[in-house]
Amino acid sequence: VGIICSVTSPYEIVKRAIDDAAFMCTRKYGDAPEVIMSGRLDLTFPYVPTHLHYIMLELLKNSMRATVEWHGVDGDFPPIKVIIADGDDN
């Protein structure tokens, strides 16, 4: 319905945002931390996919930059964790 997708998959959007952020981080720092996704990977809901991608890309870019700067370019990076949740139970 217009720009709103009735079955937006956060898993698919976050996967693309991870690829984009990792590309940018690798281009700037030479490496990028691993990102691990967990939670409701099958979840879908009505939303604007481009907005969600933009939000996740900015969060991931900030997380990757902070991780690389804190641990050093030659450091062993801890993974960045993304949890997809749909309520209080997860």
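Each residue takes its place number in the sequence, starting with 1.
- Smallest separation of non-hydrogen atoms from L43 and A85: CD2-O, 4.2 Å.
- Evaluation of the salt bridge (charged side-chain N to carboxylate O under 4.0 Å, His left out) rule for E12 yields K15 as partners, not counting sequence neighbours.
- By the rule that hydrophobic residues join a cluster once side-chain heavy atoms approach within less than 4.5 Å of another member, L60 and M24 end up as members of separate clusters.
- Nearest approach of P49 to T8, heavy atoms of both residues: CG-OG1, 3.9 Å.
- The distance from the CG atom of L52 to the CG atom of L57 is 11.0 Å, given to the nearest 0.5 Å.
- To the nearest 0.5 Å, atom NE2 of residue H53 and atom CD of residue E58 are 10.0 Å apart.
- A chain of hydrophobic side-chain contacts below 4.5 Å, direct or via other Ile, Leu, Val, Met, Phe, Trp or Tyr residues, connects Y47 to L41.
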Would you mind writing out the side-chain donor-acceptor pairs for residues 73-81 within the sub-3.5 Å range, not counting sequence neighbours?
none

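- Two residues are said to be in side-chain contact when any heavy atoms from C-beta on lie closer than 4.5 Å; V82 and V35 meet this criterion.
- The shortest non-hydrogen separation linking A32 to T26 is CB-OG1, 3.6 Å.
- Applying the 6.0 Å contact sphere to CZ of F45 captures more than 12 heavy atoms from other residues, nucleotides or ligands.
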Do any side-chain atoms of residues 64-71 form donor-acceptor pairs under 3.5 angstrom with protein atoms, and if so which ones, sequence neighbours left out?
| unit_1 | atom_1 | unit_2 | atom_2 | d |
| --- | --- | --- | --- | --- |
| R65 | NH1 | E69 | OE1 | 3.1 |
| T67 | OG1 | S63 | O | 2.7 |
| E69 | OE2 | Y29 | OH | 2.9 |

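- Taken to the nearest 0.5 Å, the CD1 atom of I18 stands 7.5 Å off from the CE atom of M56.
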